Amino acid sequence: MQRFRRPALILGLFAVLTNTACYAYQPAAGTPRPGNGVRLQLTAAGTTELATHLGPNVQEITGRLNDVLPSGVLVVAPEWVKTSNGVSQPWSGEGSVNVPRDFVRSLDERAFSRRKTTLASVALAGGLIAIAVIALKAGGSHGSGGPDGGTPTR
């Protein structure tokens, strides 16, 4: 059982990298569609005005865009917030936060990244090949003799 632990750990690491590498935040072209992942950089006024909803000194919100109101207000379900001292933490509030566009310095949208996906796929394929080679070499080194290690009996 011990000899399978390392390959399983490596495979798990590659799976995590592949899952997260396929997406990246890119500047939103226009207004993102509801349901998409977004990252908002807040203005100083946004940090101050939204402190009662997000917590003190929050300068960045990462989450899901629930809606865009006709007034331009973004309805965001935060998942993570980043404070002015650079600390990212899961958002502990509930529900959604209305963020007026005037409070948004920059708006990034979570989008599929072809380049990162290609790199992750190549790394995953290389890792799987390496695991296969190691497994084949390890399996072949134990011999296939009889119970006493000698010539197999018929």
Side-chain angles (χ1 to χ4, degrees), residues 1-139 141:
M1 190 67 166
Q2 182 70 14
R3 79 178 193 188
F4 293 112
R5 183 174 285 171
R6 187 175 195 158
L9 179 65
I10 292 170
L11 185 60
L13 179 62
F14 277 117
V16 167
L17 289 174
T18 301
N19 185 33
T20 58
C22 296
Y23 291 88
Y25 284 96
Q26 301 172 349
T31 303
R33 292 181 318 174
N36 287 354
V38 292
R39 182 173 56 200
L40 309 172
Q41 298 280 331
L42 300 176
T43 62
T47 296
T48 302
E49 293 295 321
L50 296 173
T52 56
H53 301 288
L54 297 170
N57 301 316
V58 171
Q59 291 185 332
E60 182 178 290
I61 306 168
T62 303
R64 183 109 6 236
L65 182 65
N66 286 342
D67 198 6
V68 179
L69 302 179
S71 61
V73 171
L74 304 171
V75 181
V76 179
E79 296 168 3
W80 289 85
V81 293
K82 186 184 229 180
T83 58
S84 57
N85 62 359
V87 174
S88 289
Q89 57 193 24
W91 189 58
S92 57
E94 293 182 13
S96 300
V97 176
N98 291 352
V99 182
R101 272 292 241 223
D102 295 345
F103 292 165
V104 178
R105 181 173 5 123
S106 68
L107 172 60
D108 297 329
E109 187 172 15
R110 189 171 184 248
F112 182 75
S113 174
R114 185 175 306 233
R115 181 171 105 21
K116 286 186 175 186
T117 300
T118 301
L119 290 173
S121 297
V122 168
L124 179 62
L128 291 174
I129 291 169
I131 290 171
V133 168
I134 291 169
L136 288 173
K137 285 184 179 180
S141 66

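Heavy-atom basis, side chains included; hydrogens, waters and symmetry copies ignored. Throughout, numbering of the chain's residues begins at 1 and tracks the sequence. On a predicted model such as this, the values are computed, not experimentally measured, just so you know.
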Novice: Does any N or O in the side chain of Thr47 come within less than 3.5 Å of the main-chain N or O of Val58, such that one atom is a donor and the other an acceptor?
Specialist: yes

Novice: Quick check for you: to the nearest 0.5 Å, what is the distance between Ser96 atom OG and Leu65 atom CG?
Specialist: 9.5 Å

Novice: Do the non-hydrogen side-chain atoms of Leu74 and Val38 ever get within less than 4.5 Å of each other?
Specialist: no

Novice: With rounding to the nearest 0.5 angstrom, report the CG to CG distance, Leu42 to Leu50.
Specialist: 6.0 Å

Novice: What pair of heavy atoms forms the shortest contact from Thr43 to Val104, and how long is it?
Specialist: CG2-C, 4.0 Å

Novice: Within the side chain of Arg110, is there an N or O that forms a donor-acceptor pair under 3.5 Å with the backbone of Tyr25?
Specialist: no

Novice: Give me the atom names and distance for the closest heavy-atom approach of Pro34 to Asn66.
Specialist: CB-O, 3.4 Å

Novice: Which heavy-atom pair separates His53 from Val97 by the least distance, and what is that distance?
Specialist: CB-CG1, 4.2 Å

Novice: Taking the side chain as everything from C-beta on, heavy atoms only, tell me whether Val68 gets closer than 4.5 Å to Arg101.
Specialist: no

Novice: Once you round to the nearest 0.5 Å, how far does CG of Asn98 lie from CZ of Phe103?
Specialist: 11.5 Å

Novice: What heavy-atom pair brings Gln26 and Ala111 nearest, and what distance separates the two atoms?
Specialist: OE1-CB, 3.7 Å

Novice: Tell me, with the steps shown, if Asn85 and Asn57 meet side chain to side chain contact (heavy atoms under 4.5 Å, CB included).
Specialist: CA-CA 8 Å; Asn85 62 359; Asn57 301 316; over 6 Å; no

Novice: Could you report the tightest heavy-atom contact between Pro78 and Val76, atom names first, then the distance?
Specialist: CD-O, 3.0 Å

Novice: What's the shortest heavy-atom distance between Pro56 and Thr83, and which atoms?
Specialist: O-CG2, 4.0 Å

Novice: Going from CG on Asp108 to CG on Leu40, what distance comes out if it is rounded to the nearest 0.5 angstrom?
Specialist: 8.5 Å

Novice: Which pairs with one or both residues in residues 48-63 pass salt bridge (Lys or Arg N to Asp or Glu O under 4.0 Å), sequence neighbours excluded?
Specialist: none

